There are 2 protein chains.
Amino acid sequence: MDFEEFLRKKGLKVTNQRLAIMKVLENSGSMLTATEIFERVKEIFPGVNFSTIYRNIELMKKKGILCTVARGERIPSYGLRVEEEHHHHFVCKGCGKSLVIEYCPMNFMGEEVKKKGFLPVEHEFVVYGFCRDCEGSGLKK
Amino acid sequence: MDFEEFLRKKGLKVTNQRLAIMKVLENSGSMLTATEIFERVKEIFPGVNFSTIYRNIELMKKKGILCTVARGERIPSYGLRVEEEHHHHFVCKGCGKSLVIEYCPMNFMGEEVKKKGFLPVEHEFVVYGFCRDCEGSGLKK
DNA sequence: ACTTGAAATGCAAATAATTTGCATTTAGGA
DNA sequence: TCCTAAATGCAAATTATTTGCATTTCAAGT
């Protein structure tokens, strides 16, 4: 993907720090915490400051460039939003990699939504488990 | 619900602090952050310490007494697990109340799970929006 | 009721995560 | 090239979370 063009299209200035964040997330293929992103960005761009990371994570999330996964884990993780379309994630507890889930539960909930009188605005669906590579190996705890 | 009996059944000692946590969550009907829980527990049990709250949240989560909701919000919120059965939540962006969702997407994902070779262990599904009471009122931003 | 060990708590202090104000720099349009 | 809003770095303030240890309390078995 052409990150520069992508940023411009979203109305964000192209900076090395932003490119580094996206590169880090792309290479990782996993969801990373803010701290993990910071550490890896520092390797390719030593001068970065943590506040830049935080500010950009928020911004890029708002622009739909990043997606979030959080949970009992307390600290949320972020990933590059690879697909244009709405989607959800498998997250591997072994290697941390995430796969796209195409199934979206909201498409099948009309009835219950109506019954409860609830107006859905956004939703989150994440499945944690083990990917093909990790399932066999001793990675399960 | 009889909290005392409930704690015993889970193999946890009955303490005022724990009862207070459960009472607070029951009265609220919403998902609360650790800090919110702490503040409200302090009102009915002034002596509590924050570390007691944290330790109990972890423990009660592990025992299935509490459920978690998290997200871009960074800080997770906890709620009393009212239903015995597995379930998910609607969370109202207006008043914070949460309703039980009966629909569970995992029941309908067999095919995609198989195709991707993923072994699901746990999952999270949360729908954010507005409940019947908040939908009309000016609470939407 | 009394004893006892394990579990739970409070306290204080350490650590980690997140946010903010402000001065400076920089991207990108005019 | 010039200019302005946006982005950054820095440092310091907040806020959240964890931990070790001494003390207290629960509840099981007398």
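Values in this document were obtained by computation on a predicted structure and should not be read as measured data. These values consider heavy atoms only, across backbone and side chains, with no hydrogens, waters or symmetry-generated copies. Numbered from 1 within each chain, the chains take letters A, B, ... in sequence-line order.
Under the 30°/60° scheme for interplanar angles, the aromatic rings of B:Phe108 and B:Tyr103 are found to lie parallel. Classified by interplanar angle (parallel below 30°, tilted 30° to 60°, perpendicular above 60°), the ring pair B:His88/B:His86 is perpendicular.
Considering only side-chain atoms of B:Leu12, the nucleotide from C:dA8, D:dA7, C:dG10 that sits closest is C:dA8. Comparing D:dT8, C:dT18, D:dT17 against the side chain of B:Pro76 picks out D:dT17 as the nearest. Distance from the side chain of B:Asn49 is smallest for C:dC11 among the nucleotides C:dC11, D:dT8, D:dA7. For B:Gln17, the listed nucleotide lying nearest its side chain is C:dG10; candidates were D:dG9, C:dG10, C:dA8. Side-chain proximity of A:Phe50 to C:dT18, D:dT8, C:dA8: nearest is C:dT18. Checked against C:dT9, D:dT8, D:dT19, the side chain of B:Ser51 finds its nearest nucleotide in D:dT19. Checked against C:dT9, C:dA17, C:dG5, the side chain of B:Arg55 finds its nearest nucleotide in C:dT9. Of all nucleotides listed (D:dC21, C:dT26, C:dA8), C:dA8 comes nearest to the side chain of B:Arg18.
Residue A:Tyr54 places at least one side-chain N or O under 4.0 Å from the OP1 or OP2 atom of C:dT18. In terms of phosphate contacts, A:Thr15 brings a side-chain nitrogen or oxygen within less than 4.0 Å of OP1 or OP2 of D:dT8. OP1 or OP2 of C:dA17 has at least one side-chain nitrogen or oxygen of A:Thr35 nearer than 4.0 Å. Taking 4.0 angstrom as the limit, B:Asn56 places a side-chain polar atom (N or O) nearer than this to OP1 or OP2 of C:dT9. OP1 or OP2 of C:dG10 sits under 4.0 Å from a side-chain N or O of B:Thr52. The phosphate of D:dT18 (OP1 or OP2) has a side-chain N or O of A:Arg74 nearer than 4.0 angstrom.
Whole-Å rounding puts the A:Phe45 CZ to D:dA7 P distance at 15 Å. Going from atom CG of A:Leu7 over to atom C1' of D:dT8 covers 15 Å, rounded to whole Å. Between B:Glu39 atom CD and D:dA16 atom C1' the separation is 13 Å, expressed in whole Å. Protein atom CD1 of B:Ile57 is 8 Å distant from nucleotide atom P of D:dT17, rounded to whole Å. If you measure from atom CG of A:Leu19 to atom C1' of C:dA27, you get 12 Å, rounded to the nearest angstrom. Between the CZ atom of A:Arg8 and the P atom of D:dA6 there is a distance of 17 Å, given to the nearest Å. One interatomic measurement links the two molecules: CD1 of B:Ile53 to C1' of D:dT15, which rounds to 17 Å at whole-angstrom precision. In this structure, the CG atom of B:Leu59 is 11 Å from the P atom of C:dA7, given to the nearest Å.
Of the two residues near DNA chain D, B:Asn16 and A:Val48, the one whose nearest nucleotide lies more 5' is A:Val48. In this structure, B:Gly47 and B:Lys13 both approach DNA chain C, and ranking their closest nucleotides by distance from the 5' end singles out B:Lys13.
Counting any heavy atom pair closer than 4.0 Å across all strands shown, B:Phe38 reaches no nucleic acid atom.
Here A:Glu58 pairs with A:Lys61 in a salt bridge; the nearest charged N to carboxylate O distance falls below 4.0 Å. A salt bridge is absent between A:Glu111 and A:Lys115; no separation between the charged side-chain nitrogens and carboxylate oxygens falls under 4.0 Å. Salt-bridge annotation for B:Glu36 and B:Arg40: absent, with no side-chain N of the basic residue lying under 4.0 Å from a carboxylate O of the acidic one.
A donor-acceptor contact shorter than 3.5 Å is absent between the side chain of A:Glu124 and the backbone of B:Glu124.
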